[in-house]
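Basis for what follows: all heavy atoms, side chains included, without hydrogens, waters or symmetry-related copies. Order of appearance sets the numbers: ligands from 1, and atoms from 1 within every ligand.
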Amino acid sequence: MDIGPAQTEARRRFLRMLAASPLFASSHFFRSSLTNLLAANVVPEENAFAALDMLLHSDDVISSPDQALDVMDFEAAARKVLPPAHFGYLATGVDDDGTVRANREGYSHIQIRPRRLVDVEKIDMSVRLLGTTWSSPIVICPVSSQKAFHPDGEIAVARAARAKDHLQILATAATSSVEEVTAARGTPVWQQLYPTNVWEVGRSIVKRAEAAGCPAIVFTVDQQEGANRETLFRAQRADKRDCTACHKTAYTGYARGRPGGASGGFSGYVARKPMFDGLDVSKVTALRPIPMDWDFVKRLRDAVTVKLLLKGIVTREDAQLAVEHGMDGLIVSNHGGRAEETLRPTIESLPEVLDGVAGKIPVIVDGGVRHGTDIFKALALGATAVGIGRPQAWGLAAFGQPGVEAVLEILRRELRTIMRQAGTTSVAKITRSYVVTRPT
Ligand SMILES: Cc1cc2nc3c(=O)[nH]c(=O)nc-3n(C[C@H](O)[C@H](O)[C@H](O)COP(=O)(O)O)c2cc1C
């Protein structure tokens with residue numbers, strides 16, 4: 001059958017749409033092949049269809065950590081091994097996931113100004129954070145329920161953190177206890193805190209973490225009830241497995257962001273998490289305090305004997321209040337786009353938060369950090385360190401501890417490369433003059 005010019009154009013448009021589709025997000029190689037073929041107008045459309053055919057029947061997902069060229073390669077590998085609901089839990093933002101994408105895109109509005117003719121033989125990536133020196137500014141953020149990604153969960157992450165010397169922040173809703181993780185890490189980790197609506201429960205978690213040697217508590221303040229995690233809810237619908245086989249306390253998934261749903265309830269949910277072992281959780285109805293306000297922060301400040309940080313601050317006003325309330329540090333974060341759909345990247349919130357703290361306390365930023373250049377940009381804007389959430393879990397899901405190690409190694413290598421290219425031999429030398437911000 002002969003195909004006329006109108007049909008050829010229609011097919012070409014269809015192929016272009018496919019090449020841009022998130023359906024093929026995991027297939028970097030074939031996606032770019034298809035795009036290139038389409039861009040080169042001289043190539044017959046049959047070739048584009050052949051590429052599409054290869055794409056549909058191909059599997060260019062990495063099968064070992066050493067094949068990864070960047071940390072995103074681990075996302076496709078994680079998607080391949082995880083059940084839909086677990087991958088949905090990891091990937092989800094809220095509403096249309098617009099803030100998840102914005103976190104990434106934010107970095108593309110910042111350009112690097114490399115300096116030439118600097119002796120860059122020796123690169124020092126170390127940073128000092130609340131009295132401890134780390135060999136890089138890359139912090140492992142709290143990601144809950146890591147045994148949903150790999151049987152070794154937080155322990156594998158801790159071993160990778162130990163092997164590569166990274167600060168690890170353990171989630172309250174972790175599937176391993178602070179004692180187990182500290183033992184695997186070799187030195188104490190920081191403890192993230194969801195204090196719950198019952199003061200005694202939150203206080204007991206703090207005291208347990210302090211007893212395990214945690215030098216810092218990180219209170220997450222960006223989670224209210226009812227986050228609309230649409231991608232998760234859709235993935236749960238698509239997952240036909242029997243959840244109760246693993247989620248023993250009648251866990252039937254989230255009912256509009258409420259762990260446990262109708263049958264499990266919060267007490268059922270927290271009862272399965274080791275950090276709640278031995279605590280009376282019968283009155284726990286929320287992971288956050290009620291109300292979650294500055295009076296609660298005051299009360300917590302009085303109860304915590306180690307350093308106390310707030311995670312989830314994104315404005316100058318709250319940063320100033322945090323300093324006034326005696327906080328020791330802040331994490332600029334929108335929970336990886338899982339809190340509310342602001343469409344505002346954390347890298348764009350960073351400057352005003354830094355303004356608010358006026359150099360009095362360290363500021364870490366997370367959200368969408370996927371390359372060494374992202375880390376460089378955040379440091380240039382004034383962050384003390386950066387955090388990674390999903391990339392550690394992609395590496396973990398795909399390959400366990402070696403996957404997490406590879407993710408950390410790639411980010412370190414990329415940071416070293418850009419520091420060398422830009423002529424900055426230490427983190428202190430990565431100043432504001434090394435970046436320009438493109439108007440959005
Ligand atoms: C699956 C998942 C679980 C998370 N659990 C927690 C948590 O329990 N406590 C918390 O403070 N942040 C949690 N976060 C947010 C991360 O600590 C971090 O802020 C965010 O993932 C950074 O963005 P990124 O994933 O784009 O790197 C979680 C993130 C993900 C993806």
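Every atom of ligand 1 with a heavy atom of Thr220 under 4.0 Å away is listed here by number and element: 10 (C), 11 (O). Set against the non-hydrogen atoms of Ala171, the atoms of ligand 1 under 4.0 Å away are 8 (O). Near Val143, with a cut-off below 4.0 Å to any heavy atom, the atoms of ligand 1 are 1 (C), 2 (C), 3 (C), 4 (C), 5 (N). Within the listing of ligand 1, atoms 19 (O) sit less than 4.0 angstrom from a heavy atom of Ser333.
Looking only at side-chain heavy atoms (C-beta outward), Asn197 and Val284 come within less than 4.5 Å of each other. Counting only heavy atoms from C-beta outward, the side chains of Asp165 and Arg162 never approach each other to under 4.5 Å.
Residue contact annotation: Asn103 has no non-hydrogen atom under 4.0 Å from ligand 1. Distances from ligand 1 to the non-hydrogen atoms of Gln223 include no value under 4.0 Å.
Under 4.0 Å from ligand 1, heavy atoms of Arg390 appear from its side chain as well as its backbone.
Considering only non-hydrogen protein atoms, atom 26 (O) of ligand 1 sits nearest to Arg370 NH2, 2.7 Å.
Ranked by closest heavy atom to atom 9 (N) of ligand 1, the top entry among Tyr89, Trp394, Tyr194 is Tyr194. Comparing heavy-atom distances from atom 15 (C) of ligand 1 across Arg104, Gln146, His335 singles out His335 as nearest. When the heavy atoms of Gly337, Pro142, Gly336 are ranked by distance to atom 16 (C) of ligand 1, first place goes to Pro142.
When each of Ser144, Ser176, Ser177, Ser145 is paired with Glu154, the side-chain hydrogen bond (donor to acceptor under 3.5 Å, both in side chains) condition holds for Ser176 and for no other.
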